[in-house]
Amino acid sequence: MRIKEILDSKRTISCEFFPPKTADGMDVVFRAVDRLQPFNPDFVSVTYGAGGSTRGFTEEIVTKIKSEAQLEVMAHQTCVGQTQEEVHDSLARLEAAGIENVIALRGDLPQGDNVGAPAKSGFSHASDLIGHIRGNFDFGVAAACYPEGHTESADLDADMEHTKLRVSQGADFLITQLFYNNNHYFDFVERAQKSGINVPILPGVLPILTTSQVRRFTTLCGAKIPPELDKQLDKFGEDDDAVRELGVEHATRQVRELWDAGVPGVHFYVLNRSYSVSKILANLGLKGHTALAGE
Ligand SMILES: Cc1cc2nc3c(=O)[nH]c(=O)nc-3n(C[C@H](O)[C@H](O)[C@H](O)COP(=O)(O)OP(=O)(O)OC[C@H]3O[C@@H](n4cnc5c(N)ncnc54)[C@H](O)[C@@H]3O)c2cc1C
């Protein structure tokens, strides 16, 4: 089923996983999917490794989840560092495997590349990839957006213009980059609507797992950690158990406020660790099992 049709009929809960670097890591992904399955996510997505490095695993995982767990799936497809033919072939394999949804992304530029430079005669931007998908395939298509602005965007207006381009090329809905202050999401949605974007915008929520990880991720993607939360991270430091519980509390508050404000759905960045997301869903009153601490 196209995710757009699901969004037309209900508010969604979705979960994002990432492929392992080697086949040995596949169990970890499927265990996390198993532990979240009782919460009945409306769809799950699987990321695409930088430059297509773990492409085969993404295809294998979405195909297996769709057929065995019977959950609706969305494959991430990036285009940086790949030729148009390579990207086209990857999409053709997904289509042949019965996958109906993709999120079309550029991918992060390899370090040292010129910003905006197309690599390997490929697509330069997500919007080019979305146009190609619309012209050649019959997938439901999502795209990314950035409440605090993408790190390469000159300013928030330029960033919104490029978000509009992804939608005008055919994105059915958008999923945001992580953020820890809901006001960034609410402001973004207001600005998007004013600029004529009227597709659903799903907030992407990443429960904090460790202090070093959240600081690394936010530095890379340009999201800010609110000062109060940052102080608590300083206090708990490398006490990972305490930080994980802080992450659960913060994300529970975030999601409750987002849900109460009427968001079209919430997309969880699970990072293959089901414990925090299952606790948050349990806190919000969705039935299911709580994963074992550490998972
Ligand atoms: C929900 C979500 C899922 C993600 N999944 C993955 C994944 O699976 N694998 C992965 O490697 N990365 C993933 N990413 C990260 C993403 O690939 C990076 O943020 C990447 O740097 C930008 O991708 P994009 O699709 O937004 O690119 P683009 O739309 O190409 O935007 C990139 C930059 O170029 C600018 N831009 C866009 N169009 C134009 C134009 N026509 N002219 C000039 N400038 C332009 C934009 O403003 C932005 O600054 C994900 C991000 C999100 C939010």
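Sequence positions, counted from 1, serve as the residue numbers for this chain. Numbering of ligands and ligand atoms starts at 1, following listing order.
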Check the side chains of Y48 and Q82 for a donor-acceptor pair under 3.5 angstrom, ignoring hydrogens and angles.
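Per modelled atom types, Q82 and Y48 side chains form a pair under 3.5 Å.
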Compute whether any side-chain donor of one residue and acceptor of the other, for N283 and T252, lie under 3.5 angstrom apart.
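The answer is yes; a qualifying pair exists.
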Do [X] and [Y] touch side chain to side chain, with heavy atoms closer than 4.5 Å?
X    : Y    : result
D108 : L220 : no
R106 : H150 : yes
P207 : V248 : no
H184 : T176 : no

Sub-4.0 Å atoms of ligand 1 with respect to non-hydrogen atoms of [X]:
X    : value
S153 : 46 (C), 47 (O), 48 (C), 49 (O)
Y269 : 1 (C), 2 (C), 53 (C)
A144 : 52 (C), 53 (C)
Q177 : 53 (C)
R166 : 26 (O), 28 (P), 29 (O), 31 (O), 46 (C)
Y48  : 7 (C), 8 (O), 9 (N), 10 (C), 11 (O)
H150 : 19 (O), 20 (C), 21 (O), 22 (C), 32 (C), 33 (C), 48 (C), 49 (O)
H76  : 3 (C), 4 (C), 5 (N), 6 (C), 7 (C), 8 (O)

Would the distance check show the side chain of R35 and the main-chain N or O of Y275 forming a donor-acceptor pair, the cut-off being under 3.5 Å?
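Not a single qualifying donor-acceptor pair exists.
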Pick from T54, D128, L105: the one approaching atom 6 (C) of ligand 1 most closely through a non-hydrogen atom
L105
Determine, considering heavy atoms only, which of A171, S45, A158, G107 sits nearest to atom 17 (O) of ligand 1.
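Comparing heavy atoms across A171, S45, A158, G107, the nearest one to atom 17 (O) of ligand 1 lies in G107.
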Which residue and non-hydrogen atom of the protein lie closest to [atom], and at what distance in Å?
atom                    : value
atom 40 (C) of ligand 1 : H125 CD2, 3.5 Å
atom 27 (O) of ligand 1 : R106 CB, 3.3 Å
atom 41 (N) of ligand 1 : L165 CD2, 3.6 Å
atom 18 (C) of ligand 1 : D108 OD1, 3.2 Å

Who are the salt bridge (charged side-chain N to carboxylate O under 4.0 Å, His left out) partners of D24, not counting sequence neighbours?
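D24 satisfies salt bridge (charged side-chain N to carboxylate O under 4.0 Å, His left out) with no residue once adjacent residues are dropped.
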Of the backbone atoms (N, CA, C, O) and the side-chain heavy atoms from C-beta on, which set of H162 has a member under 4.0 Å from an atom of ligand 1: side chain, backbone, both, or neither?
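For H162, the contact with ligand 1 is made by the side chain alone.
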Are any of the heavy atoms in Y146 under 4.0 Å away from ligand 1?
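Y146: in contact with ligand 1 (<4.0 Å).
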How many angstroms lie between NE2 in H267 and CD1 in I201, if you round to the nearest 0.5 Å?
14.5 Å
